[in-house]
**Student:** 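Before I ask anything, here is the structure I am working with.
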2 protein chains.
Amino acid sequence: MSSNIKPTDSELEILNILWEKGPSTVRDIHAELEKSKDAGYTTTLKLMQIMHDKGLLKRDTGNKSHVYTANVSQEKTQGQLLKRMIDNVYNGSASQLVMQALGNHKADKKELDEIRKYLDEISKPKS
Amino acid sequence: MSSNIKPTDSELEILNILWEKGPSTVRDIHAELEKSKDAGYTTTLKLMQIMHDKGLLKRDTGNKSHVYTANVSQEKTQGQLLKRMIDNVYNGSASQLVMQALGNHKADKKELDEIRKYLDEISKPKS
DNA sequence: ATCTATCTACGAATGATTTCGTAAACAAAC
DNA sequence: GTTTGTTTACGAAATCATTCGTAGATAGAT
């Protein structure tokens with residue numbers, strides 16, 4: 001596999017911002033990060049440079065301020081982390097994870113209905 | 001919070017074995033671990049000593065071979081890790097995690113029915 | 001052209017995890 | 001009691017993530 005994604009927690013914070021906001025400079029990301037934690041600017045810069053080295057980000061160096069973009073999709077990353085979680089924490093049982101997620105986080109009625117609908121859909125033999 | 005559990009991957013492997021097998025010596029754990037990876041005996045020992053220092057394990061030093069037991073429950077640990085995952089990876093949306101888990105890991109019919117039953121149960125106003 | 005702001009690059013310190021070698025304690029067998 | 005094998009304890013190396021200081025490049029304003 002060329003793609004075995006395992007971002008750290010800090011890297012995930014940055015990816016989340018990039019997924020939501022789209023292409024951003026270090027300054028942009030740092031401004032967002034500062035809302036919830038405090039870190040030095042060069043810390044954020046270094047993190048993003050490392051992520052670029054790892055292939056998690058790509059960047060456009062055309063301007064003075066480089067513009068970074070996520071180089072991994074949100075869905076694929078979520079999927080990989082989820083699979084790791086199911087394997088390592090739930091011993092391979094996705095349904096057990098699902099039930100614990102439903103139980104602990106009291107989704108509201110609308111969400112539950114949505115899930116039910118989704119269940120029906122994937123149960124249908126024909127699309 | 002006295003309990004903010006964040007075991008590393010290696011620590012989780014050991015916890016999984018202890019949860020399944022119950023109280024075990026370092027030798028026991030190491031024998032299990034060797035089935036899937038190779039690590040030195042003293043590596044396993046050191047890991048378990050650190051886990052004991054952290055409060056993840058408790059131990060009985062009565063005999064020559066100390067007997068270790070998990071000092072955190074499987075459910076609580078799963079719950080904490082799951083919550084962290086929902087917050088950090090799914091931006092707080094449990095239902096989105098659920099749907100991706102259902103979609104990617106094609107649970108079989110029996111599992112799906114089980115989940116549906118569970119859904120109905122937690123939807124009921126009265127227990 | 002010079003000054004000022006900002007940005008990148010680099011290197012190093014810190015801290016945590018993982019690994020393992022070595023020594024000392026211990027028990028069982030001889 | 002001495003040897004042999006197993007166990008614990010300790011310390012240190014190797015790796016990785018995180019943090020930040022400093023230097024040099026760059027663009028814009030005066």
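First the proteins, then the strands, lettered A, B, ... as listed; each starts at 1.
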**Student:** Identify, with sequence neighbours excluded, every residue that meets ring pair (Phe, Tyr, Trp, His ring centres under 6.0 Å) alongside A/Tyr41.
**Tutor:** A/His30
**Student:** Taking the minimum atom-to-atom distance to the side chain of A/Leu45, which one of C/dT18, D/dT8, C/dT8 wins?
**Tutor:** C/dT8
**Student:** Rounded to the Å, how far apart are A/Leu47 CG and C/dT8 P?
**Tutor:** 14 Å
**Student:** At a heavy-atom distance below 4.0 Å, what parts of residues 52-69 of chain B sit against DNA chain D?
**Tutor:** B/Arg59, B/Lys64, B/Ser65, B/His66
**Student:** Scan the side chains in residues 43-57 of chain A for donor-acceptor partners under 3.5 Å anywhere in the protein, sequence neighbours excluded, and list what turns up.
**Tutor:**
| from | atom 1 | to | atom 2 | distance (Å) |
| --- | --- | --- | --- | --- |
| A/Lys54 | NZ | A/Glu11 | OE2 | 2.7 |

**Student:** To the nearest Å, give me how far apart CD1 (B/Ile50) and C1' (D/dG11) are.
**Tutor:** 12 Å
**Student:** Any ring pair (Phe, Tyr, Trp, His ring centres under 6.0 Å) involving residues 78-104 of chain B? Give me the pairs, sequence neighbours left out, ordered by first then second residue.
**Tutor:** none
**Student:** Considering only distance and modelled atom types, tabulate donor-acceptor pairs under 3.5 Å from the side chains of residues 33-40 of chain B, sequence neighbours left out.
**Tutor:**
| from | atom 1 | to | atom 2 | distance (Å) |
| --- | --- | --- | --- | --- |
| B/Lys35 | NZ | B/Glu32 | OE2 | 2.8 |
| B/Ser36 | OG | B/Leu33 | O | 3.3 |
| B/Lys37 | NZ | B/Glu13 | OE1 | 3.1 |

**Student:** Can a salt bridge be assigned to the pair B/Lys83 and B/Asp87 using a cut-off of 4.0 Å between side-chain N and carboxylate O?
**Tutor:** yes
**Student:** Please confirm whether any donor atom in the side chain of B/Lys46 sits under 3.5 Å from an acceptor in the base of C/dG21, or the reverse.
**Tutor:** no
**Student:** How many Å lie between CD on B/Gln49 and P on C/dT19, as a whole number?
**Tutor:** 15 Å
**Student:** For B/Arg116, check side chain to side chain donor-acceptor pair (under 3.5 Å) against everything at least two apart and list the hits.
**Tutor:** A/Asp120, A/Ser123
**Student:** Partners of B/Asn16 by side chain to side chain donor-acceptor pair (under 3.5 Å), sequence neighbours excluded?
**Tutor:** none
**Student:** Under a 90° cut-off about 0 for the syn range, is C/dA5 syn or anti?
**Tutor:** syn
**Student:** Could you tell me which nucleotide pairs with D/dT26 by Watson-Crick or G-U wobble geometry, both distances under 3.5 Å, or answer none if nothing does?
**Tutor:** none
**Student:** With a 4.5 Å heavy-atom cut-off, do B/Glu121 and A/Leu102 have their side chains touching?
**Tutor:** no
**Student:** My understanding is that a pair needs two contacts under 3.5 Å, Watson-Crick or G-U wobble. By that rule, which nucleotide pairs with D/dC20?
**Tutor:** C/dG11
**Student:** A/Arg27 side chain N/O closer than 4.0 Å to the phosphate oxygens (OP1, OP2) of C/dC7?
**Tutor:** yes
**Student:** Report the residues that fulfil side chain to side chain donor-acceptor pair (under 3.5 Å) with A/Asn88, sequence neighbours left out, ordered by chain and then residue number.
**Tutor:** none
**Student:** How many Å lie between NE2 on B/His30 and P on D/dT6, as a whole number?
**Tutor:** 13 Å
**Student:** Please list, one pair per line, the donor and acceptor atoms closer than 3.5 Å that link side chains of residues 58-68 of chain A to other protein atoms, with sequence neighbours excluded.
**Tutor:**
| from | atom 1 | to | atom 2 | distance (Å) |
| --- | --- | --- | --- | --- |
| A/Arg59 | NH1 | A/Tyr68 | OH | 3.0 |
| A/Asp60 | OD1 | A/Gly62 | N | 2.8 |

**Student:** Of all of residues 36-43 of chain B, which get a heavy atom below 4.0 angstrom from DNA chain D, listed by number?
**Tutor:** B/Tyr41, B/Thr42
**Student:** Could you pull out all residues at least two apart from A/Lys110 that satisfy side chain to side chain donor-acceptor pair (under 3.5 Å)?
**Tutor:** none
**Student:** In residues 5-15 of chain A, what residues come within less than 4.0 Å of DNA chain D, judged by heavy atoms?
**Tutor:** A/Thr8, A/Ser10
